[in-house]
There are 2 protein chains.
Amino acid sequence: MTLSERKLKILRAIITDYIETAEPVGSRTLSRKYDLGVSAATIRNEMAELEEEGYLKQLHTSSGRVPSDKAYRLYVDKLMESRILAKIQRESLRDNLMQKFHEVQNLLEHSAEYLSQLTDYTSIAMAEKTKENRIKHLQLVPVDEERILVVLIMDTGLVKNTLLRIGEKLDPRELQKITNLLNHHLQGMEIRKVSQLVIENIQREFYEYRRTIEMILLHLQEVVKEVEQIDVFFSGTTNIFNFPEFNDIVKARSFLAMLEEKELIKNLLTLPDQEGLRVSIGRENLYDIAQECSLVTTTYKIDNRTIGHLSVIGPTRMDYTKVVSIMIQLNKQLNDLLRDNY
Amino acid sequence: MTLSERKLKILRAIITDYIETAEPVGSRTLSRKYDLGVSAATIRNEMAELEEEGYLKQLHTSSGRVPSDKAYRLYVDKLMESRILAKIQRESLRDNLMQKFHEVQNLLEHSAEYLSQLTDYTSIAMAEKTKENRIKHLQLVPVDEERILVVLIMDTGLVKNTLLRIGEKLDPRELQKITNLLNHHLQGMEIRKVSQLVIENIQREFYEYRRTIEMILLHLQEVVKEVEQIDVFFSGTTNIFNFPEFNDIVKARSFLAMLEEKELIKNLLTLPDQEGLRVSIGRENLYDIAQECSLVTTTYKIDNRTIGHLSVIGPTRMDYTKVVSIMIQLNKQLNDLLRDNY
DNA sequence: ATTAGCACTCACTTTAATCGAGTGCTAATT
DNA sequence: AATTAGCACTCGATTAAAGTGAGTGCTAAT
C-alpha cells in the first residue's frame, strides 16, 4: 500500500526536521515551520495514521513523534534528493586523494580521514584480507650480516615486509638467486597454499640453500596469519559526542567500545554483496549495539576482487543526503584512482 | 621541611584510599579502615596541617580531602613500594612480546596493547621520527611493467615502502644495477640531506638512467615527509570511562579529543631527556587538558638514539604502584629484545 | 598531646509542585 | 466528506523545598 502524496510530504518534513534537531516533532511545530498548506489538526490526523502504518514512533503519549527505521528506509530509497557536490569541492577531493596515494592501505586510511572531516561523522576504513591473496612478487633484501628483509607484494597491492634473522651470511648475489628461485615457484600462488609440500619441493630443487629457504617460507606462513588479521582504521571517533542521542556516557561508551570489536565491525561492513553504495539503518544491523546507528558503506574492488570498504557510521538520525552524496563522489574518484593504478 | 613519620603514614593512607575509591577521604573513614593507632580527631588535626602544607585539598568546607599533585609526587618518589611482578607474569610478558616481534613499529604497538590490558589504563605508543634517520639500504623491486616498489630501510629499523609508477620498462637486472648504485651513494646518509645536489651528482655518474633516478629520488623526498610524520598508536582508549573522574561527557570527550592531537601527545611524551621511567603528574604537564592526567612514560633507544616512547595515561589518581612496576618489567624485556636485535 | 563531644556546613537525594509541548476527541466550518 | 478550531488531558522536564549524612573545626575533658 502506498502513501498519499500529502502523507509523504508530511513524513519528509518530519524526517528532515528530526535529522536537524534531534527533537521529537509535533504537529504544531511542523505546521509553523514548514509550508504544508494544512492545519496542525490535519497533520495530527495524518501523523496518527503514519504511526499506525509504522513510519512514526511516539516515545510516550504526550510527546511528538520520531521517524522509525522504516521511515528512514523510505526516505533513503525514495524521498531524499541527493545533492550534487559543487565542482570545486570535487576537485579538492581529487587533489587531496592524489597527494596521499602511495600505498593501498594508506589510501583507504586517508580517505577515511577525509570522509570524517567532510561528514562530521565517524568513518571506518577496512582493508579486506581475502584468503585468496596471491603472491605477485617476493624480494629478499640484505640488511646486515645477520638479517634480511622479506618483502612480500600481493596482487591486491598489499605490501608486507618483515625482518628475518638468518643464521648464515649471504651475499647479495646469493640472495638474488634465492629471490629469483622463490619467485619462480611462488608467483601467482595463493599465499595460503604455500604448504609444507611446496616448501619441500623448492628445497629439493635448490638443496644448497635448503635451510635458508625453509626459514624464509616458515616465516612467510607466520606473515600470512598477520596478513589475514582484520585491518580496521577509524577517523573522527569523537564526532559521536556531537550528537545528543549519544550524549549520555553509557551510549557514548558503548558506541566507542563497539568500534573496538574488530570482528563485529568487519561483519557490519561486509554484509551482503551489494553493488555500489549500501545504507543499513538501525535495526537492519544484526548487532544489538549497532541498532541505534546507521552505516553508509562502499566497497572497493580491483579486478572484481574486494580489497576494502569505506564506511560512515552515525546515529540513525543521520544526514543521509549529505553523507550519500559525499560518498558517491568519493567512490567515483577512488575507483578512478584504483583503475588507473591497478 | 620534612613531614613527621605519622603524617607520612596518614598521607599514604589517604592516597591509597583515594586511589582505590575516588572519593574524598575523611578522618572517620580513615581511622576505621586503616590501623593508624590514633583517633579520628588527631587525624583531623594532622589533615588540617597537611592541607596547609599543600598536600591535601578540600573541595568544599565540609567534604573530605583529596591528595594534591604535590602529594602524588611525594608518593611516587618516596612513599610507594613498587611491587615485583611474579615470575610467571614476567615470562608471559616475554612470550607475548617475542611472538609479536616482526617490525619495530609493530613491536611498540603490540606493547601498547599489552600494556593497556595489564594496567586497565590507556596506553600510547609513539615511534620517534628523528630527523637523523640514516639510510641503511634501499631496494628497488619490480612489480610489473609499469611500476616498481621502493623499499627504504633505515638504521633505526624503520622500513618504508612505496609504489612508484615509472615511465619506462626496466628489467630486474637494470633495477638491481640502479639499486646498487643508489646504495653506494646513499648508504649511511641522513635522509633529510638527500638534496638536489646529491641527486645531480648521482645522475651525472649514471647518465643512462638519469630520468628514473630522478623520479626515485624525488619520490624519496616525498616519503621523507611521511616518515617524519608523528606515528602515534593508542590502546584501551575507552578504559577512561572506567574512572569516575571522567564520568561526565565533557571530561571524557576532552580526554579523547586530546588523544587526537598528535602534536600535543608528542610533546607530552618527549618532554625532558630523563633516563628510565618518567612520571608526570597533573599540573606538571604543560597542557591544560592534560592537567587532570598523569603519565608514566619510558623511552626506547637503539645505539643511544631514541626510537620510540611507551606511555600509560590515566587520571592523576592513578595506581602508580601497579603501573610503575609493570612498566619497569616491560622496559627490561623490551630493552633486551632491542639489544638482541639491533 | 590526644580524644570525645557537639554544633555547623554543604553536596547530594528525595519529594512535591509547576510548566508546556503535544495529543486525541468533538463539534463547527468549508 | 474533509478540514479545522477548541479543549481537556498526559507526561517528561524543570524548579523548589525539605531532608540526609559524611565531614569539619572548635572546645573541654582526659
Side-chain angles (χ1 to χ4, degrees), chain A residues 3-11 13-15 17-18 20-68 71 244-245 247-249 251, chain B residues 3-11 13-15 17-18 20-68 71 244-245 247-249 251:
Chain A
L3 298 174
S4 74
E5 206 45 53
R6 190 170 70 186
K7 266 192 197 146
L8 288 177
K9 204 163 150 190
I10 291 172
L11 186 55
I14 294 171
I15 295 175
D17 199 72
Y18 187 66
E20 186 191 331
T21 65
E23 295 291 334
V25 3
S27 53
R28 182 118 31 125
T29 329
L30 216 49
S31 76
R32 243 181 318 200
K33 209 163 154 186
Y34 300 86
D35 190 19
L36 296 170
V38 285
S39 76
T42 310
I43 294 172
R44 222 156 27 237
N45 293 330
E46 297 281 55
M47 282 172 84
E49 286 180 37
L50 280 167
E51 184 172 358
E52 271 172 38
E53 293 166 283
Y55 292 99
L56 297 177
K57 281 181 300 190
Q58 219 171 0
L59 305 180
H60 50 87
T61 20
S62 68
S63 83
R65 273 143 173 137
V66 161
S68 68
E245 43 268 75
N247 226 329
D248 88 280
I249 203 92
K251 290 270 177 62
Chain B
L3 298 174
S4 75
E5 206 47 53
R6 190 169 71 185
K7 266 194 196 146
L8 288 178
K9 204 162 152 190
I10 290 172
L11 186 55
I14 294 171
I15 295 175
D17 198 72
Y18 187 67
E20 187 191 331
T21 64
E23 295 292 334
V25 3
S27 54
R28 183 118 29 128
T29 327
L30 215 50
S31 77
R32 244 180 318 199
K33 211 164 153 186
Y34 301 85
D35 190 19
L36 297 170
V38 284
S39 77
T42 311
I43 294 173
R44 228 164 11 245
N45 294 330
E46 297 282 56
M47 282 171 84
E49 287 181 37
L50 280 167
E51 185 172 357
E52 270 173 39
E53 293 166 283
Y55 292 100
L56 296 178
K57 281 182 301 191
Q58 217 170 0
L59 305 182
H60 51 88
T61 22
S62 70
S63 82
R65 270 140 174 143
V66 159
S68 68
E245 44 267 78
N247 227 329
D248 89 281
I249 204 89
K251 289 273 177 62

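Chain letters run A, B, ... following the sequence lines, proteins first and then strands; every chain starts at 1.
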Distance in Å, A:Glu46 CD paired with A:Leu30 CG, rounded so as to fall on 0.5 Å steps: 11.5 Å
Check whether any side-chain heavy atom of A:Arg6 sits under 4.5 Å from a side-chain heavy atom of A:Val38, and report yes or no. yes
What is the minimum heavy-atom distance between B:Gly54 and B:Ser68, and which atoms define it? O-OG, 2.7 Å
C:dG22 P sits how many Å from A:Met47 CE, rounded? 9 Å
Send over the distance from B:Glu52 CD to D:dG25 P, rounded to a whole Å. 10 Å
Taking the minimum atom-to-atom distance to the side chain of B:Thr42, which one of C:dT2, D:dG25, C:dG24 wins? C:dT2
Specify the separation, in whole Å, of atom NZ of A:Lys7 and atom P of D:dT3. 11 Å
Gap between atom OG of B:Ser63 and atom NZ of B:Lys57 - 0.5 Å precision: 11.5 Å
Atom pair distance, as rounded to whole Å: CD in B:Glu49 and C1' in C:dA1: 12 Å
What's the spacing between B:Ile249 CD1 and A:Asn247 CG if we round to 0.5 Å? 5.0 Å
Under 4.0 Å, heavy atom to any atom of DNA chain D: which of residues 29-37 of chain B qualify? B:Thr29
Could you check how far CZ of B:Arg65 sits from P of D:dA22, rounded to whole Å? 18 Å
Please find the pair of heavy atoms, one from B:Ala48 and one from B:Arg65, that lie closest to each other, and give the distance. CA-NH2, 3.8 Å
On a heavy-atom basis, the closest approach of A:Glu53 and A:Lys7 is OE1-NZ, 3.3 Å
With the sugar-phosphate defined as primed atoms, P, OP1 and OP2, and the base as all remaining atoms, what B/S/- string results for nucleotides 9-18 of chain C, 5' to 3', for protein heavy atoms under 4.0 Å? BBS-------
Any chance you could measure A:Ile14, atom CD1, to A:Ile43, atom CD1, to the nearest 0.5 Å? 8.0 Å
Testing the basics here: between B:Leu56 and B:Pro67, what is the closest heavy-atom pair and its distance to 0.1 Å? CD2-CA, 4.0 Å
In whole angstroms, the gap separating C1' of D:dT4 from CZ of A:Arg28 amounts to 13 Å
Tabulate atom names and distances for all N/O pairs under 3.5 angstrom spanning the protein and nucleotides 5-9 of chain D.
residue	atom	partner	partner atom	Å
D:dG6	O6	A:Arg44	NH2	3.3

Report the stems of DNA chain D as range-with-range entries sorted by first number; a stem here is at least three consecutive pairs, Watson-Crick or G-U wobble, both distances under 3.5 Å, and write none if there are none. C:1-30 with D:1-30
Side-chain N or O of A:Arg6 less than 4.0 angstrom from OP1 or OP2 on D:dT3? yes
Rounded distance (Å) that lies between atom P of C:dG24 and atom CG of A:Leu56: 11 Å
As an exercise, state the distance from OG of B:Ser39 to CG of B:Asn45, rounded to the nearest 0.5 Å. 8.0 Å
Interatomic distance, A:Ile43 CD1 vs D:dT3 P [rounded to whole Å]: 12 Å
Taking atom OH of A:Tyr55 and atom CD1 of A:Ile15, what is their separation to the nearest 0.5 Å? 10.0 Å
Identify the two heavy atoms, one from A:Ser27 and one from A:Ala40, that lie closest to each other, and give their separation to 0.1 Å. CB-O, 3.5 Å
Toward the 5' end of DNA chain C, by each residue's nearest nucleotide, A:Asn45 or A:Pro24: A:Pro24
B:Lys9: partners by salt bridge (charged side-chain N to carboxylate O under 4.0 Å, His left out), with sequence neighbours left out: none
Suppose we screen for side-chain contact (heavy atoms from CB on, under 4.5 Å). Which residues come up paired with A:Thr21, at least two apart in sequence or across chains? A:Asp17, A:Glu23, A:Lys33
